[in-house]
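All residue numbers refer to positions in the sequence shown, counting from 1.
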Amino acid sequence: MLTPIFVKSAHGAVLEDVDGNLLLDFAGGIGCINAGHTSPSVVAAIQQQSEQSLHTCFMVAPYEGYIAVAERLNKLAPGSSPKRTFLANSGAEVVENAVKLARSYTGRSHILCFNHAYHGRTYMALALTSKAAPYKEGFAPFPGEVYRAPYPYCYRAGCTDSSHRCCMISEEELERSLFASFSPERFAAIIVEPILGEGGFVVPPSTFLPALRRICTRYGIVLIVDEVQTGFGRTGRLFACEHSGVEPDLLLTAKSLASGMPLAAITGKAEIMNHPIPGAIGGTFGGNPVSCAAALATLDLFANGELVRRALALGETFREHALAWQSTFPFLGDVRGLGAMQAIELVEDRHGKVPASALTKLIVRHAYERGLILATAGTYGNVIRLLVPLVATDEQMQEGVAVLEASMHAAMFATHSVAPPARPSKFEESRP
């Protein structure tokens, strides 16, 4: 959903449009700005590298920045296995190459993904993506040998247990459901988001990823963990899979890796990464020198752990308010998330859980009009997700939460003739 503005500048967690209006950014370029807009150290690194070289193509004339980013990611990736890293331009590109690596390493063809998943918009990535409209409409046929399994979506499974174990079947049942149509020996990879991103910030039970890890190990299947949106502090750990103690075979990152500069990475077990012949995996622009400089500066910002701890504080602030809203707003069906990766799911009624997609769009519009940029998500378009930069101040966080609450009141008034409270935002006051 496009916000009807044009941005002039962005700093920290605030955007300024060309008309001079200030807006709080709780969308963060769809999760690319965990370390904040135009962090001074990142900007300085970009400027310095831009004066030295812009592009030589690492496959033709290598440079130190690419190696430095790869070495950092190798050390940061979960698990003790020797690692290698490949750099590309986008999340979709590393998804595509991860599938190639898995097929090359295993000699198998089948790829297993999940309902509600989002992995990108290039053809293999799109085949792995679940949501049809608007992403897949009119673009068929898609690459074959892609198979889909249910993702444990606790709210829509009717889970009432706070542990969310009630929507997680046993490991034996999970295995049977994954391989209902084909034997596990035919699968090259299972690709999974540790928390659904575009699918609605659905947090699976804590037993889900470890069960997938054991199943993949048992049958020699490559476990690809897509951390394009969950990575770099968003969930209160550097990588979301760390919450489950899982070591992926291939870890995919992008978005906040380089604070909005185009850069993505596959960091994987060396035996898998080294398997293709030289030159089989690559590209012209991947690991661009300027993007690598931005990534190194961004990784420095995460080094002391303050941004990761900040994610926990921001998420707790949002969650505290959102849980309280459930007693005020009958359309607020679910509050979920980890760290600062929080979301609310809106429904027509809590019993039937019919997605309130139109209401969700209305709330986002009211929020924009009050100076707050939000992003929606979910297979049904009825989820509002929190992607606030982790550098947001307490004042900015409280202001954003207050604006969202006022926007929900306004939307409820518009649809049910309930008078909204009079609470203007200081950001709203800056608008003409």
Peer 1: Is it the case that the side chains of Y105 and E271 hold a donor-acceptor pair, with the cut-off being a distance below 3.5 Å and no angle test?
Peer 2: yes

Peer 1: Who are the side-chain hydrogen bond (donor to acceptor under 3.5 Å, both in side chains) partners of T56, not counting sequence neighbours?
Peer 2: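 Applying side-chain hydrogen bond (donor to acceptor under 3.5 Å, both in side chains) to T56 gives none.
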
Peer 1: Donor-acceptor check, side chain of Q396 to backbone of A392, threshold 3.5 angstrom: yes or no?
Peer 2: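 No, because the side chain of Q396 does not come within donor-acceptor range (under 3.5 Å) of the backbone of A392.
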
Peer 1: Just wondering, do I195 and M341 contact through their side chains at under 4.5 Å, heavy atoms?
Peer 2: yes

Peer 1: If you look at every heavy atom in G197 and A377, which pair is closest and at what distance?
Peer 2: O-CB, 4.0 Å

Peer 1: Is a side-chain donor or acceptor of R350 paired with a backbone partner of P330 at a separation under 3.5 angstrom?
Peer 2: yes

Peer 1: Quick check for you: to the nearest 0.5 Å, what is the distance between S291 atom OG and L263 atom CG?
Peer 2: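 Here the interatomic distance stands at 5.5 Å.
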
Peer 1: CG/L404 to CD1/I344 distance, rounded to the nearest 0.5 angstrom?
Peer 2: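 Atom-to-atom, L404:CG and I344:CD1 are 5.0 Å apart.
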
Peer 1: Between K83 and E247, does any NZ, NE, NH1 or NH2 come within less than 4.0 Å of an OD or OE carboxylate oxygen?
Peer 2: yes

Peer 1: Side chain to side chain contact (heavy atoms under 4.5 Å, CB included), that's the test. Do I363 and I384 meet it? Break it down for me.
Peer 2: CA-CA 9 Å; I363 291 170; I384 294 175; 3.7 Å; yes

Peer 1: Has K255 got its NZ or CZ under 6.0 Å from the middle of the six-membered ring of F232, at an angle within 45 degrees of the ring axis?
Peer 2: no

Peer 1: Main chain of A313, side chain of T317: is a donor-acceptor contact present, judged purely on distance under 3.5 Å?
Peer 2: yes

Peer 1: Checking R103 side chain against S109 main chain: does a donor-acceptor pair fall under 3.5 Å?
Peer 2: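 Checking the backbone N and O of S109 against the side chain of R103, a donor-acceptor pair under 3.5 Å is found.
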
Peer 1: Between T129 and Y118 (side chain of the first, backbone of the second, donor and acceptor by atom type, cut-off under 3.5 Å), is there such a pair?
Peer 2: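 Pair absent, no side-chain N/O of T129 close to backbone of Y118.
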
Peer 1: With a 4.5 Å limit on heavy-atom distance, are the side chains of F201 and E345 in contact?
Peer 2: no

Peer 1: Output the distance between atom CG (N288) and atom CG (L87), rounded to the nearest 0.5 Å.
Peer 2: 10.5 Å

Peer 1: Do the non-hydrogen side-chain atoms of L238 and L76 ever get within less than 4.5 Å of each other?
Peer 2: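 They are in side-chain contact.
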
Peer 1: Taking it one step at a time, do E369 and R365 satisfy salt bridge (charged side-chain N to carboxylate O under 4.0 Å, His left out)?
Peer 2: CA-CA 6 Å; E369 291 171 351; R365 194 198 81 193; 3.3 Å; yes

Peer 1: Between K361 and T376, does the side chain to side chain contact (heavy atoms under 4.5 Å, CB included) criterion hold? Intermediate values first, please.
Peer 2: CA-CA 8 Å; K361 292 179 181 178; T376 60; 5.5 Å; no

Peer 1: Between I33 and H37, what is the shortest heavy-atom contact and its length?
Peer 2: CG2-N, 3.1 Å

Peer 1: May I have the step-by-step check of salt bridge (charged side-chain N to carboxylate O under 4.0 Å, His left out) for R237 and E227, ending in yes or no?
Peer 2: CA-CA 12 Å; R237 302 292 293 268; E227 294 246 17; over 6 Å; no

Peer 1: Provide the closest heavy-atom pair for G220 versus R108 in the form atom of the first, atom of the second, distance.
Peer 2: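 Of all heavy-atom pairs spanning G220 and R108, the closest is O-NH1, 3.5 Å.
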
Peer 1: Closest approach of A189 and I224, non-hydrogen atoms and distance?
Peer 2: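 Scanning both residues completely, I find the closest heavy atoms to be CB-CD1, 3.7 Å.
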
Peer 1: Test your reading of the model: is there a side-chain donor-acceptor pair from R336 to the backbone of G200, 3.5 Å cut-off?
Peer 2: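 Yes, because the side chain of R336 sits within donor-acceptor range (under 3.5 Å) of the backbone of G200.
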
Peer 1: So, taking the atom named OG1 in T379 and the one named CD in E198, what distance separates them when rounded to the nearest 0.5 Å?
Peer 2: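 Separation between the atoms: 8.0 Å.
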
Peer 1: Of all heavy-atom pairs between P276 and I281, which one has the smallest distance, and what is that distance?
Peer 2: CG-CG1, 4.2 Å

Peer 1: Could you tell me whether a side-chain N or O of Q49 sits under 3.5 Å from a main-chain N or O of A293, the two making a donor and an acceptor?
Peer 2: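 Checked: no pair found.
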
Peer 1: Decide yes or no for L359 and M408: does some side-chain heavy atom of the first lie under 4.5 Å from some side-chain heavy atom of the second?
Peer 2: no

Peer 1: Determine, step by step, whether C154 and V202 satisfy the side chain to side chain contact (heavy atoms under 4.5 Å, CB included) criterion, reporting the C-alpha distance in whole Å, the side-chain angles of both residues, the deciding distance to 0.1 Å, and the verdict.
Peer 2: CA-CA 8 Å; C154 298; V202 175; over 6 Å; no

Peer 1: With no hydrogens and no angle check, is any side-chain donor or acceptor of S39 less than 3.5 Å from a backbone partner on A35?
Peer 2: no

Peer 1: With side-chain hydrogen bond (donor to acceptor under 3.5 Å, both in side chains) as the test, would you mind laying out the steps for T298 and S259 before giving the verdict?
Peer 2: CA-CA 6 Å; T298 301; S259 291; 2.7 Å; yes

Peer 1: I'd like to know whether Y153 forms a ring pair (Phe, Tyr, Trp, His ring centres under 6.0 Å) with Y151, so could you lay out the CA-CA distance, the side-chain angles of the two residues, the decisive distance to 0.1 Å, and finally the verdict.
Peer 2: CA-CA 6 Å; Y153 194 155; Y151 194 93; 8.2 Å; no

Peer 1: Is the side chain of H275 donor-acceptor paired with the backbone N or O of S104 at a distance under 3.5 Å, no angle test?
Peer 2: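 At least one qualifying donor-acceptor pair exists.
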
Peer 1: Any heavy-atom pair between the side chains of M59 and P278 that's under 4.5 Å?
Peer 2: no

Peer 1: Does H116 offer a backbone N or O that forms a donor-acceptor pair with the side chain of S130 under 3.5 Å?
Peer 2: yes

Peer 1: Out of V225, V246, I190, which one pairs with R213 under the side-chain contact (heavy atoms from CB on, under 4.5 Å) rule?
Peer 2: V246

Peer 1: Decide side chain to side chain contact (heavy atoms under 4.5 Å, CB included) for Q342 and E316; before the verdict, give the C-alpha distance in whole Å, the side-chain angles of both, and the deciding distance to 0.1 Å.
Peer 2: CA-CA 9 Å; Q342 297 285 329; E316 184 57 34; over 6 Å; no

Peer 1: Please state whether the rings of W325 and F329 are parallel, tilted or perpendicular, taking 30° and 60° as the class boundaries.
Peer 2: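 The arrangement is perpendicular - the two ring planes meet at more than 60°.
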
Peer 1: Could you check whether any side-chain heavy atom of L112 comes within less than 4.5 Å of a side-chain heavy atom of R148, counting everything from C-beta outward?
Peer 2: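 L112 vs R148: side chains apart.
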
Peer 1: Run R310 and D394 through salt bridge (charged side-chain N to carboxylate O under 4.0 Å, His left out) and show every step you take.
Peer 2: CA-CA 10 Å; R310 184 63 180 159; D394 290 342; 2.7 Å; yes

Peer 1: C241 versus P248: any side-chain heavy-atom pair under 4.5 Å?
Peer 2: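 Answer yes - side chains close enough.
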
Peer 1: To the nearest 0.5 Å, what is the distance between CZ (F318) and CD (Q398)?
Peer 2: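 Answer rounded to 0.5 Å: 12.0 Å.
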
Peer 1: Look at atom CD1 of I30 and say whether more than 12 heavy atoms of other residues, nucleotides or ligands are closer to it than 6.0 Å.
Peer 2: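 12 or below, so no.
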
Peer 1: State, without any angle test, whether E173 and S177 hold a side-chain donor-acceptor pair at a distance under 3.5 Å.
Peer 2: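 Not at all, the side chains of E173 and S177 share no donor-acceptor pair under 3.5 Å.
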
Peer 1: Is it the case that H243 and S206 place a side-chain donor and acceptor less than 3.5 Å from each other?
Peer 2: no

Peer 1: I need the T85 OG1 to N74 CG distance, nearest 0.5 Å.
Peer 2: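 Rounded to the nearest 0.5 Å, the OG1-CG separation comes to 3.5 Å.
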
Peer 1: Quick check: closest heavy atoms across P355 and R156, and the distance to 0.1 Å?
Peer 2: CG-NH2, 3.8 Å

Peer 1: Check the pair F114, F208 against ring pair (Phe, Tyr, Trp, His ring centres under 6.0 Å), reporting the backbone distance first and the verdict last.
Peer 2: CA-CA 12 Å; F114 291 91; F208 178 60; 5.6 Å; yes

Peer 1: I want to check something: taking the side chain as every heavy atom from C-beta on, are M261 and I46 in contact at a cut-off of under 4.5 Å?
Peer 2: yes

Peer 1: Is there a side-chain hydrogen bond (donor to acceptor under 3.5 Å, both in side chains) between H11 and T38? Walk through the geometry before answering.
Peer 2: CA-CA 5 Å; H11 303 290; T38 58; 2.7 Å; yes

Peer 1: Between S357 and N382, is there a side-chain donor-acceptor contact under 3.5 Å, judged purely by atom types and distance?
Peer 2: no

Peer 1: Does K353 make a cation-pi contact with Y155, if we ask for NZ or CZ under 6.0 Å from the ring centre and within 45° of the axis?
Peer 2: yes

Peer 1: Can you check whether F187 and Y219 have ring centres sitting under 6.0 Å from each other?
Peer 2: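 Judged by ring-centre distance (under 6.0 Å), F187 and Y219 do not meet the cut-off.
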
